[in-house]
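In what follows, a single structure is set out as structure tokens and then discussed.
Residues take their numbers from the sequence shown, with the count starting at 1. The model shown is predicted, which means the values in this text are computed figures rather than measured ones.
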Amino acid sequence: MSRSGRLFLLMDAMRARRVPVTAAQLAQQLGVSERTIYRDIQTLAELGAPLQGEAGIGYVLRRGAFLPPLMFCADELEALVLGARWVRRQGDAGLAQAASNALAKIAAASPRDLRDSMAETSLWVPLGRPADGAQPADPADRYVQPVREAIRYEQKLTLAYQDEYGSATSRTVWPFALAFFEGKRLLAAWCELRGDYRHFRIDRIASVQQHEERYPTRRHALLDTWRKAHDIDPES
């Protein structure tokens with residue numbers, strides 16, 4: 001690998017971290033020596049890379065710092081296109097448009113025009129359309145966007161909900177995570193009625209009432225406690 005290629009990989013490795021990472025960890029990830037990492041970090045700093053940290057403690061990219069556009073390798077490009085195509089079939093018009101916009105911005109911000117390469121990527125997400133070509137709309141899809149917004153702004157929701165036994169109930173919840181499974185969406189939230197974490201299937205929601213009131217606990221705190229309770233990897 002060329003030195004310039006290794007510098008790009010080093011920046012990518014640090015871009016993926018939210019907390020300081022040691023030279024030993026970076027060396028193991030990139031398959032080089034710690035001495036090489038220290039030299040490369042010094043080179044990046046001299047080139048104006050927004051790095052913070054020191055030997056023995058760790059390094060991190062400075063928050064809010066602008067990073068110039070980087071080239072994408074073939075695998076990265078295919079991952080971006082495949083991910084965007086998967087998002088576009090999830091029934092959320094807002095996310096679908098955002099995925100298309102993100103790909104357009106990536107193509108425009110790259111040092112070379114990637115639009116042709118993206119269009120020619122031969123990885124597809126099957127749409128699962130019926131024989132007549134019509135894509136049936138899931139009535140529950142209309143609740144995905146208000147749920148996402150409530151998660152984003154840490155606001156309470158009141159759900160008219162039907163449980164697995166068909167019983168109707170009303171729950172005021174503090175939503176903090178939304179999982180997209182094949183054909184199903186699952187909301188993770190703190191339930192005021194139960195005083196505990198609960199999971200709600202979006203397709204069992206009959207109506208959603210949005211509140212401007214923020215719930216009293218920060219979303220990341222709810223998420224951290226929920227992950228620990230269910231032994232979920234924070235990087236997943």
Side-chain angles (χ1 to χ4, degrees), residues 15-19 63-64 79-106 125 127-128 135-236:
R15 190 199 307 265
R17 305 276 185 153
R18 293 180 296 174
V19 296
R63 289 181 180 271
L80 288 170
V81 174
L82 185 62
R85 288 174 176 170
W86 185 88
V87 169
R88 284 201 295 246
R89 63 157 297 184
Q90 295 308 306
D92 183 333
L95 278 182
Q97 186 60 53
S100 297
N101 292 345
L103 287 182
K105 288 179 180 179
I106 289 170
V125 179
L127 292 177
Q135 180 70 28
D138 185 342
D141 287 342
R142 65 183 183 274
Y143 298 127
V144 175
Q145 183 164 344
V147 167
R148 286 196 299 108
E149 291 175 350
I151 292 172
R152 180 185 305 158
Y153 300 116
E154 301 180 349
Q155 293 173 331
K156 293 184 179 183
L157 288 175
T158 296
L159 310 177
Y161 192 74
Q162 189 176 61
D163 66 21
E164 59 184 314
Y165 304 107
S167 300
T169 183
S170 177
R171 305 289 186 93
T172 296
V173 300
W174 308 350
F176 60 85
L178 181 62
F180 289 76
F181 297 100
E182 187 62 33
K184 299 296 180 185
R185 325 290 186 261
L186 189 67
L187 169 65
W190 177 267
C191 177
E192 291 187 351
L193 178 64
R194 302 303 184 193
D196 201 354
Y197 292 105
R198 287 293 186 267
H199 302 101
F200 302 91
R201 281 176 44 170
I202 299 297
D203 61 322
R204 290 179 179 165
I205 295 176
S207 67
V208 171
Q209 178 187 351
Q210 295 177 273
H211 299 266
E212 293 187 1
E213 177 187 3
R214 293 185 61 170
Y215 46 75
T217 304
R218 295 307 304 268
R219 173 166 53 89
H220 67 81
L222 291 171
L223 186 60
D224 286 346
T225 305
W226 174 77
R227 281 172 169 163
K228 291 174 183 177
H230 294 83
D231 195 25
I232 296 176
D233 184 352
E235 297 300 324
S236 62

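Between Q209 and L157 the shortest side-chain heavy-atom distance does not fall below 4.5 Å. Between V208 and L159, the closest side-chain pair of non-hydrogen atoms falls below 4.5 Å. The closest side-chain heavy-atom distance from F200 to V173 is below 4.5 Å. By the 4.5 Å heavy-atom criterion applied to side chains, R198 and L193 are not counted as neighbours.
Shown here are the salt bridge (charged side-chain N to carboxylate O under 4.0 Å, His left out) partners of E149, two or more places apart in sequence or in another chain: there are none. Judged as a side-chain contact (heavy atoms from CB on, under 4.5 Å), and not counting sequence neighbours, the contacts of L80 are F72, L103, I106. Every residue was checked against the side-chain contact (heavy atoms from CB on, under 4.5 Å) condition with A102, not counting sequence neighbours, and none meets it. Remark: R219 pairs with no residue by the salt bridge (charged side-chain N to carboxylate O under 4.0 Å, His left out) rule, at least two apart or across chains. The side-chain contact (heavy atoms from CB on, under 4.5 Å) test applied to D224 returns H220, R227, not counting sequence neighbours.
One N or O on the side chain of Y161 and one on the backbone of R201 form a donor-acceptor pair closer than 3.5 Å. A donor-acceptor contact shorter than 3.5 Å is absent between the side chain of Y153 and the backbone of E212.
One finds the OG1 atom of T158 at 7.5 Å from the CD atom of E192 (value rounded to the nearest 0.5 Å). Taking CD from E213 and OG1 from T172, the interatomic distance works out to 9.0 Å, rounded to the nearest 0.5 Å. Distance OH/Y143 to CZ/R185: 14.5 Å, rounded to 0.5 Å. Interatomic distance, Y215 OH to Q155 CD, rounded to the nearest 0.5 Å: 9.0 Å. Taken to the nearest 0.5 Å, the CG atom of N101 stands 11.5 Å off from the CG atom of L95. Remark: R142 CZ to I202 CD1 distance equals 11.5 Å, nearest 0.5 Å.
Residue pairs meeting the salt bridge (charged side-chain N to carboxylate O under 4.0 Å, His left out) criterion with at least one partner in residues 161-181, sequence neighbours excluded, are absent.
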Checking side chain to side chain contact (heavy atoms under 4.5 Å, CB included) for the pair F180/V87: CA distance, chi angles, key distance, verdict?
CA-CA 9 Å; F180 289 76; V87 169; over 6 Å; no

Where do R194 and D196 land on the salt bridge (charged side-chain N to carboxylate O under 4.0 Å, His left out) test, with the steps shown first?
CA-CA 5 Å; R194 302 303 184 193; D196 201 354; over 6 Å; no

Evaluation steps, side chain to side chain contact (heavy atoms under 4.5 Å, CB included), between W190 and T217
CA-CA 10 Å; W190 177 267; T217 304; over 6 Å; no

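Across all non-hydrogen atoms, the minimal contact from P175 to A189 is CA-CB, 3.7 Å. Minimum interatomic distance between T225 and Y197 (heavy atoms only, all atoms of both residues): CB-OH, 3.2 Å. Nearest heavy atoms, R88 versus A99: CG-CB, 4.1 Å.
Aromatic rings from W226 and F176 are positioned such that their centres are separated by under 6.0 Å.
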